[in-house]
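By convention in this document, chain letters (A, B, ...) are assigned in the order of the sequence lines, proteins followed by strands, and residues within each chain are numbered from 1.
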Amino acid sequence: MFDVDLSMVNWARAQFALTAMYHWIFVPLTLGLSFLCAFFESIYVRTGDTQWRSLTKFWMTLFGINFAIGVATGIILEFEFGTNWSNYSWIVGDIFGAPLAIEGIFAFFLEATFFAVMFFGWNRVSKRFHLFSTWMVAVGSNLSAVWILVANGWMQNPVGMIFNPETARFEMNNFFDVVFNPVAVSKFVHTSSSGFLFASLFVLTISCWYLLKNRHIKMAKRSIVVASVFGLLSSSFVALSGDTSAFEVAQKQPMKLAAIEGLYKGEGPAAIVAAGILDPTKQPGDNKDPFLFKVEIPYLLSILANHSFTGFVPGIEDLVYGNKEQGIESVASKMAKGKSALNDLTAFKQAKKENNEISAAQSLLKFKVNQDYMGYGYLNKPEDAIPPIAIPYYAFHIMVALGTLFPVLFAVFLYYASKDALTKTKWLLPIGLISSLLGFFAQQSGWVVAEVGRQPWAINGLLPVHVASTNLATRNVQITFFMFLGLFTLLLIAEIKIMLKQISIGPEED
Amino acid sequence: MKHGTTSIKNIYTFYRNGFKGMVLGKKLWKIIFIKLFVMFVILKLFFFPNFLNTKFDTDEEKSNFVLEQMIRHTSLNNPK
C-alpha cells in the first residue's frame, strides 16, 4: 500500500507510545507533588509546627526520588523524533525548535538553583527563602510542561504557521497563535490539573497505608486533609478543562469525538454513552448497530460538543461520506483536493529543478489553494481517515468514569477527616490504598484518547503518520523498542524499590 | 568586588556542603548518571543517530530529501 513498511511504522508508533506512557508515570507526580510540598511547607512556615516540617521533608524526599528517576526520560522521545520520525522532525522543526529549547534552558536553570535550595537549604537559608524556592520549583516544573503541551496541541490543531515548499517545513508566522492555541491551552490545564489529582491520590495511598499499619497516624491524617482538598479542587479543574477540551475536539477534531463516543451516525440532540459494549464487527456504512449494549444520557453529547441542547454532532459516517444537510464535506472530496495539492507540490519541485521560475510560481499558487487538505492526498480510501474506534472509546469511558469517582472519593475522605474518624472507617482505607492505581489508569487512558483518537494524523489533516516516519528496517526499531522496555522497567523497579524503602522508614520524627 | 567573591564562595560552600551531606541523594545521583550514560552514550550514539544529520550536510539537502519523500508517497498513492 505504501512504500514504507507498515510494520516499521507500527513498531515506531508502539515505541513512541511505550516511551510516552512510561514518561507519563513520573511527570504527573512531579507536577502535583511539587505543589503539595509547597502547601505542606507553607503550613509549617505559618504555624511553626515542626511536625509539618518533617511531613514536608518526607513528601519532598519522595518527590526527589520520583524526579531523579524520571528526569530526562522525555529526552528519549526527542531521540525517536530524529531517528524514527525524521520527516516529521524536519517538517515541524521550525515550530517545535523554539518551545523545546526554551523548556530545556528553563528546566536547567530552575533545577540548578531552586532545586538545590529546596533539598540542601534546610537550616542553611531562611525559612521564607526556602519556602519561596519550594514554590518556585512547583511553578517552574509546571511551566516547563507548557512547552511540550504547546507542541502537542499544535499537532492536534496546527495554527500560526505556513507550509514552505522550498524548505519542506511548516514555518511559524505567529508565535502567539501557536502558544495560545485553544487546544494547547485546554490541554495544559487538563493535563496539569490531572497531574495534581494523581499526586493527591498518591499521597492518599501512602497515608492510608500508614493508617492501616497504625503508623505515623497524625502525619497521615494531616497529609490526607491537604491532599483531599487539593485533589477536590484539582478534580473541578479536570472536569471544567475536560469540558473545554471536548468542545475544542468537537470543533477541531470531530472524527476523534465520534470515535471516542462510538458515534457512527450523527444526531442532534445527541446523547452521550455513559456505558456500553461496542460491536467489534461493526464497519462504517453497514447499517449495523455499533453497540451490543449501551446506556445513554440524553442531550449531554450535544451540550459537550456544541454547548447547546440540540446541536448536531457528526458521526463517523457523516465525516467520512459527507452530509450535505449539515454542510459536512466528505473525505473523498478532501482527498481530491489533497491529491491536487500534492500534484502541484510535485510540479513546483520539478519546475524548481529545471530552474523554471514562472512555472514554479504558478504551481505554488495552485498548491496554496488546496494546501490545507494536503494530508488527505496521502490517503488511499476515505475510510483511512477513521482512527481505531475501540481503543479510544474504552479509554475515554474509563477516564471519565474514574474522573467522576475521584472527587467523590476526596469528598468522602474530607468528611471522615473532619469527623476525625479516618482510623475508624476501615472500609475506606483500602479504597484509598488502591486509588493511585486507579489514578494511573485514568492518566494513561487520557493520553490514549488524545493520541490514538487523532490517528491517522501526525499533524491533524496535514501529515499522516506513515509519511512522517523514516524508512528504516523494522528490525532496528524492534531492537530499540525492547531496549527501552528493559531500561524503563528497570527505572520503574528502582523507583518503586527506593520509594518503598523510604515509605517504610517514614518521616524523620513523629 | 570583595562582596562578589564572598557571594561566590558562599554559593560554592552551599553546594559543596549540600552534596557532602547527601545520604539517599548519592544513590539517586548514581542512578541519574548511569541513566544519562546509557541514554546519551549508548542509545544516542549507537542506536538513535539523527537520520537526516547522518545522511546530509546542509539544510538544503535535507529539505530536498524530505520534499522528495513527501512527493514519493504522492506518486505511489496517486499514480498518473
**Student:** Walk me through it: do A:Phe484 and B:Phe48 pass the test ring-ring contact (aromatic ring centres under 6.0 Å, His included)?
**Tutor:** CA-CA 12 Å; A:Phe484 280 155; B:Phe48 281 91; 5.2 Å; yes
**Student:** Decide yes or no for B:Leu24 and A:Thr61: does some side-chain heavy atom of the first lie under 4.5 Å from some side-chain heavy atom of the second?
**Tutor:**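 Yes, close enough: below the 4.5 Å cut-off.
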**Student:** Look up atom CD1 in B:Ile31 and atom CD1 in A:Ile498, then write down how far apart they are to the nearest 0.5 Å.
**Tutor:**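 Interatomic distance, B:Ile31 CD1 to A:Ile498 CD1, rounded to 0.5 Å: 3.5 Å.
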**Student:** Return the CD1 to CZ distance between B:Ile32 and A:Phe67, rounded to the nearest 0.5 Å.
**Tutor:**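 Answer rounded to 0.5 Å: 7.5 Å.
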**Student:** Heavy-atom distance under 4.5 Å to chain A: side chain of B:Tyr15, backbone, both or neither?
**Tutor:** both
**Student:** Which pair of heavy atoms, one from B:Phe14 and one from A:Val117, lies closest together, and at what distance?
**Tutor:**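 It is CZ-CA, 3.7 Å.
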**Student:** Which value, rounded to the nearest 0.5 Å, describes the distance between B:Asn10 atom CG and A:Arg124 atom CZ?
**Tutor:**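 Between atom CG of B:Asn10 and atom CZ of A:Arg124 there are 12.5 Å.
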**Student:** Carefully, step by step, assess A:Val467 and B:Gln69 under the rule side chain to side chain contact (heavy atoms under 4.5 Å, CB included).
**Tutor:** CA-CA 8 Å; A:Val467 184; B:Gln69 292 291 305; over 6 Å; no
**Student:** Just by modelled atom types, is the B:Asn50 backbone N or O under 3.5 Å from a matching donor or acceptor in the A:Thr83 side chain?
**Tutor:** no
**Student:** So, for B:Ser63 and A:Ala168, which heavy atoms are closest and what is the spacing to 0.1 Å?
**Tutor:**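 What the structure gives for the nearest pair is O-CB, 3.8 Å.
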**Student:** Any side-chain heavy atom of A:Lys349 sitting closer than 4.5 Å to one from B:Asn64?
**Tutor:** yes
**Student:** Rounded at 0.5 Å granularity, tell me how far CZ in B:Phe19 sits from CZ in A:Phe120.
**Tutor:** 4.0 Å
**Student:** Check for a donor-acceptor pair, side chain of B:Lys35 on one end and backbone N or O of A:Ile69 on the other, with a separation under 3.5 Å.
**Tutor:**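 Checking the backbone N and O of A:Ile69 against the side chain of B:Lys35, a donor-acceptor pair under 3.5 Å is found.
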**Student:** Non-hydrogen atoms of chain A under 4.5 Å away: do they reach the side chain of B:Ile34, the backbone, both or neither?
**Tutor:** neither
**Student:** Is any side-chain heavy atom of B:Leu67 closer than 4.5 Å to one of A:Thr167?
**Tutor:**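 Sidechains of B:Leu67 and A:Thr167: no contact.
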**Student:** Mind checking salt bridge (Lys or Arg N to Asp or Glu O under 4.0 Å) for A:Lys352 and listing every partner two or more places apart, or none if nothing turns up?
**Tutor:**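 Scan of A:Lys352 (salt bridge (Lys or Arg N to Asp or Glu O under 4.0 Å), adjacent residues dropped) gives A:Glu166, A:Glu357.
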**Student:** If the contact rule is any heavy atom under 4.5 Å from chain A, which residues of residues 53-61 of chain B qualify, in numerical order?
**Tutor:**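 Near chain A, by residue number: B:Asp59.
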**Student:** For a 4.5 angstrom cut-off between non-hydrogen side-chain atoms, does B:Phe51 reach A:Asn84?
**Tutor:** no
**Student:** Given B:Met70, which of A:Asn87, A:Thr346, A:Ile91 fulfils the side chain to side chain contact (heavy atoms under 4.5 Å, CB included) condition?
**Tutor:**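 Only one of A:Asn87, A:Thr346, A:Ile91 forms a side chain to side chain contact (heavy atoms under 4.5 Å, CB included) with B:Met70, namely A:Ile91.
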